[in-house]
Structure formats: C-alpha cells, structure tokens
Amino acid sequence: MNLKDLEDEDKNLRIEAWRSALKRLERGKISPKSLEQELPYLYELLTSYFETDRAEAWEIASKLMEKGVGDADELRKRLKYLYLLVRRGENFLLGDGVWSIVVRLMNAGVIEGEVRNRFLLVLESRKLRARLEAWEQLKDFDFRDVLVKRRKYFLELLRAGDPWLRLKAWETSLDLLDKGIVSPKSIQRRLRFLYSFFKRGEDFTMSDVVKVILKLKDMGIVGELNDVMLEALNRDEELPSLWRGVIELLDAGLVEQKVVKSRLRFLFLLFYSGDLYVKEGALEVSLSLLDRGIINRKQLRGKVRFLIMGLGSRDMSYRAFCWEVTPRLMRAGLVGEDTVRDKLNYLYELLDHNGCYDNSMYLECPALKGWRVTVELFQLLDLDELRWYLDHYLWLLEKPNLPVTDQDLQVLRTLVERGVMSVDHIVRLMENRYFKVSLYAWSVAVSMAKEGKLEKEKISENLDYLRRLYRRATKEGRRPLEELIERLKELGIRTLVE
C-alpha cells in the first residue's frame with residue numbers, strides 16, 4: 001500500500017486505503033507516526049454528505065484512537081456528525097454498529113461530560129427507531145446502570161405501533177431479561193402487545209413471534225395461550241405461518257388440542273386459496289396435525305381431492321406444485337399408488353415442458369420441479385420413458401439463473417444409479433455451467449473410468465474446462481476439486497492445475 005492512497009480524491013478508494021492501513025497497523029507493518037500526518041484526509045470524511053462513507057470514516061478513526069493514533073480535539077470538533085448518525089437510528093455498518101464507535105470514543109476520552117450525556121439521551125429519543133438501535137447495541141456494553149435508570153423508555157417500545165419495530169423490541173427484551181435490566185413482571189404486564197401480532201400480524205413475522213414466546217415460556221413468563229389462540233384463529237386470513245406457529249405452541253404445551261380442533265374450518269379454507277404458497281402451507285400444517293392425531297384421513301381426503309385433479313392441470317406451474325406434494329400425500333396414506341400410476345402421463349408431459357418464468361431472482365421451471373419428484377416416485381416410473389426425456393432435462397440444466405439445489409444432484413445420482421443416464425450424458429454434464437452439477441459429473445466420470453466404463457481420453461478432452469473451473473472456484477470450492485485431481489492422478493491423468 002502507498003501512503004499517498006490515503007489522500008486519494010476518490011472517497012471510496014481513500015476509505016479502502018485507510019482500512020488497509022488500519023490492518024497493517026494492527027499487524028505492526030507500519031508505525032503510528034507514519035499515519036499521523038495523513039489524518040486530515042481521514043477527518044475530512046467524518047463530515048461526508050454520504051452517511052455510509054461518514055460512518056465508515058468514524059469507525060476507522062475510533063479504532064485508530066484505540067491504538068493511540070488520532071487527535072481528540074479534532075474529533076470533538078466533528079462529533080455532531082457522528083451524533084446525527086446515531087439520531088437517525090439506522091445501522092450504517094455491517095459490523096458492530098454505530099454505537100460501537102461511540103463506546104470506543106467514550107473509552108478513549110473523546111466523548112465525555114455533557115456531550116456523553118447527550119449521546120445517552122438517545123435511549124429516550126422520540127425517534128423510536130433511534131431509541132431501539134441504542135438499546136439493541138448498548139445492552140452488549142458495560143452500561144448496565146445507565147440502562148436500568150432509563151428502562152421505562154425501553155418498555156415503551158414493546159407497544160410501538162410499527163410491527164417491525166415492536167417485534168425487534170420484544171427480541172431485544174430477551175437479552176435485557178437475561179442481564180436483569182428489565183424485570184419479568186414488567187414484561188408480563190405487557191404481553192398483550194406481543195399477542196397482538198396474532199390478531200393483525202404479517203405472515204413473515206409469525207415464526208419470529210413464536211420464537212420469542214417460546215423463550216419467554218422457558219423463562220417462566222408466558223403461560224397457556226388458549227384464549228389468545230381461540231381469538232387469533234377465528235378468521236379466514238391467508239396466514240399459513242400462523243398455523244405453523246400454532247403447532248409449535250401445541251408441542252410446547254401452551255395450546256390445547258381442543259382449541260385447534262374448534263378452529264379447523266379456518267385451516268381448511270386455506271386449501272381454496274389462489275396462492276400456491278398458502279395451499280402448500282395449509283397442506284404442511286394439515287399433515288402435521290394428522291401426525292398428531294388432531295385430524296383424521298377422512299377429514300383430509302376431501303380437501304386434497306383438488307390436488308389429485310391438479311396433476312393434469314393445463315397450468316404447468318400448478319401441475320408442478322400438485323406433483324411436488326404428491327409424495328407427501330402418498331406417505332400420509334391419502335393417495336394410493338394406483339391413482340398416481342393413472343396420472344403418470346401428465347408427469348411425463350411436465351418433464352418435457354419448455355416454459356420457464358422469470359421470478360425476479362431466478363428462473364422458475366415447472367419441468368425442473370417435475371424431475372425432482374421423480375426421485376420419490378421412481379418405483380412407479382417407466383425407465384424407457386425417462387430416457388426419452390433425458391436430453392430435455394440436460395438442456396434445462398444448461399439454462400442460466402436456475403435455482404439448482406441438492407435435490408437436482410439427487411435426481412442425477414438416481415438417474416446414474418438406475419442406469420438411465422448414459423456415458424455421453426455424463427460427459428456432457430462435465431461442462432455444465434453450475435459448479436455442483438459439473439463437479440458431480442466429473443466425480444462420476446472418474447469412477448466410470450476407474451471401472452473401465454469410460455475411456456480416459458474422454459476425460460482428457462475436457463481438462464481445459466476443469467482448469468477453468470479450478471481457477472474460478474472459491475477457496476472452499478477448490479477442496480473437492482483437489483480431491484478430484486488426486487483421483488485423476490491415480491488414473492495417470494495430469495491436470496496441470498495441482
């Protein structure tokens with residue numbers, strides 16, 4: 001690193017240079033004195049208009065002060081810009097947070113007296129997000145006496161109108177209880193604000209709410225919730241995660257079976273939702289309740305009939321969904337093998353489907369979901385039919401932005417083990433765009449070459465791709481590649497990447 005980089009006009013490059021300098025200082029590679037004359041260029045960033053740059057500059061400056069490098073008076077002149085970050089209540093750093101900077105500067109004597117008190121007043125701020133951020137971070141430092149004196153301001157956050165903020169406050173309360181900063185009684189008196197999530201909560205918050213309740217139960221603060229859940233489940237909103245939460249509460253002994261049984265009609269309504277996520281949630285919950293003896297097969301058969309009809313739906317996304325859940329229905333004894341056999345032509349049709357839909361982050365391909373189902377239905381399938389559609393499957397696996405998972409590797413393993421996939425198919429997959437798929441194909445190819453089922457020349461022809469794969473792989477990804485290279489050496493094949 002060149003010390004002149006610490007003066008770079010590009011602020012991003014300058015911050016990177018200071019981060020690098022801090023690391024070198026920590027390792028003893030540079031002296032504190034060599035950085036002192038460059039400090040004005042760092043301090044210039046402490047007042048940056050861009051809050052992220054400002055936060056990063058303050059983080060570096062506070063860590064330098066810990067090492068004895070810095071000018072306390074110059075930092076004090078700019079403290080209002082750090083205070084503005086704290087008042088915003090946003091976490092501008094990926095690491096310890098803005099309050100860790102404040103604590104460092106307090107320990108270094110930069111923030112003291114009235115200025116220190118002004119910072120701590122954020123624990124009482126009318127800006128609730130800033131108040132929560134202060135409580136969330138300061139609880140992990142040695143400020144117990146300060147927090148105990150102001151705990152009423154935290155307790156107010158437990159009934160905040162903003163659901164996200166209220167949930168975060170309840171999660172923070174668990175640590176404050178552990179540290180004795182708030183009392184169990186003060187939390188018990190406010191439980192209705194936690195239970196209000198069940199009345200008008202968002203689907204994505206439910207699992208977190210249940211986690212808080214279960215921890216409070218372990219602390220002896222929460223008791224039975226029969227009345228709460230009787231009211232919460234008395235509606236037809238499409239919240240499958242509410243029902244998932246009920247199962248956890250049921251298993252924890254906080255809700256009785258009779259409560260769940262009295263509200264089953266609302267669960268069964270979810271089966272008729274137009275949202276596949278909601279349908280799948282309703283099925284998952286119903287099967288869990290079936291396992292627990294709360295509902296019986298007779299009650300469920302009528303509800304899952306539409307899923308059997310959907311195995312031949314013209315809507316390929318819906319057809320893929322219905323086939324995805326079919327193995328679960330079979331395991332639960334809700335659908336027989338003969339019924340599924342009669343519908344297999346629709347599955348083969350799905351395997352050959354060309355359509356993929358852009359799902360913002362990745363491609364959604366109904367056919368790919370169909371292939372994943374084949375692993376669990378293999379004993380019912382015609383292997384010759386599968387071979388007919390295999391080229392189409394390999395074509396699918398070459399598409400960019402696919403959500404390739406371990407399920408797809410399991411499909412490939414099954415096709416190889418059952419003899420559906422030929423040597424040519426394996427060789428083709430060796431150059432697949434997805435690391436997991438390519439690595440698996442190479443592993444199979446090496447095993448086949450060792451058994452004499454694949455000519456070594458076929459492997460040698462693809463070594464250029466293996467070298468590119470190795471160069472692009474992460475440190476973690478290189479480990480299985482290195483094992484593969486060792487196996488190739490045993491076959492007398494040199495890769496030139498070792």
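- Considering every non-hydrogen atom in both Leu45 and Ala57, the closest pair reads CB-CB, 3.6 Å.
- Using cut-offs of 30° and 60° on the angle between ring planes, the pair Phe119 and Trp99 is perpendicular.
- Using a 4.0 Å cut-off between charged nitrogen and carboxylate oxygen, Glu171 and Lys168 count as a salt-bridge pair.
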Could you walk me through whether Lys11 and Asp53 satisfy the salt bridge (charged side-chain N to carboxylate O under 4.0 Å, His left out) test, starting with their C-alpha distance in whole Å, then the side-chain angles of each, then the deciding distance to 0.1 Å, before giving a yes or no? CA-CA 8 Å; Lys11 292 180 179 179; Asp53 291 348; over 6 Å; no

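- For the pair Glu51 and Arg88, the salt-bridge criterion is met [side-chain N within less than 4.0 Å of a carboxylate O].
- Judged by the 6.0 Å distance and 45° axis criteria, Arg118 is positioned over the aromatic ring of Tyr83.
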Side-chain donor-acceptor pairs under 3.5 Å in residues 63-71, sequence neighbours left out?
| from | atom 1 | to | atom 2 | distance (Å) |
| --- | --- | --- | --- | --- |
| Asp71 | OD1 | Asp73 | N | 3.0 |
| Asp71 | OD1 | Glu74 | N | 3.2 |

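- No side-chain donor from either of Arg54 and Ser48 sits under 3.5 Å from a side-chain acceptor of the other.
- A salt bridge links Arg14 with Glu44; the closest basic N to acidic carboxylate O contact falls under 4.0 Å.
- In this structure Glu482 satisfies the salt bridge (charged side-chain N to carboxylate O under 4.0 Å, His left out) test with no other residue, sequence neighbours excluded.
- The one candidate from Arg131, Arg151, Arg166 that meets the salt bridge (Lys or Arg N to Asp or Glu O under 4.0 Å) condition with Glu156 is Arg131.
- Remark: Lys436 does not engage Asp408 in a salt bridge, criterion side-chain N to carboxylate O under 4.0 Å.
- Arg433 and Ser438 share no donor-acceptor pair across their side chains, judged by distance under 3.5 Å alone.
- Sorted by first then second residue, the side chain to side chain donor-acceptor pair (under 3.5 Å) pairs that include residues 282-293, not counting sequence neighbours, are Arg244-Glu284, Asp251-Arg292.
- The aromatic rings of Phe306 and Phe271 sit perpendicular, their planes meeting at an angle over 60°, well past the 30° parallel limit.
- For the pair Arg78 and Tyr43, the cation-pi criterion (under 6.0 Å, within 45° of the ring axis) is not fulfilled.
- Open room surrounds OH on Tyr41; 12 or fewer heavy atoms of other groups in view lie less than 6.0 Å from it.
- With hydrogens and angles disregarded, no donor-acceptor distance shorter than 3.5 Å links the side chain of Ser443 to the backbone of Leu439.
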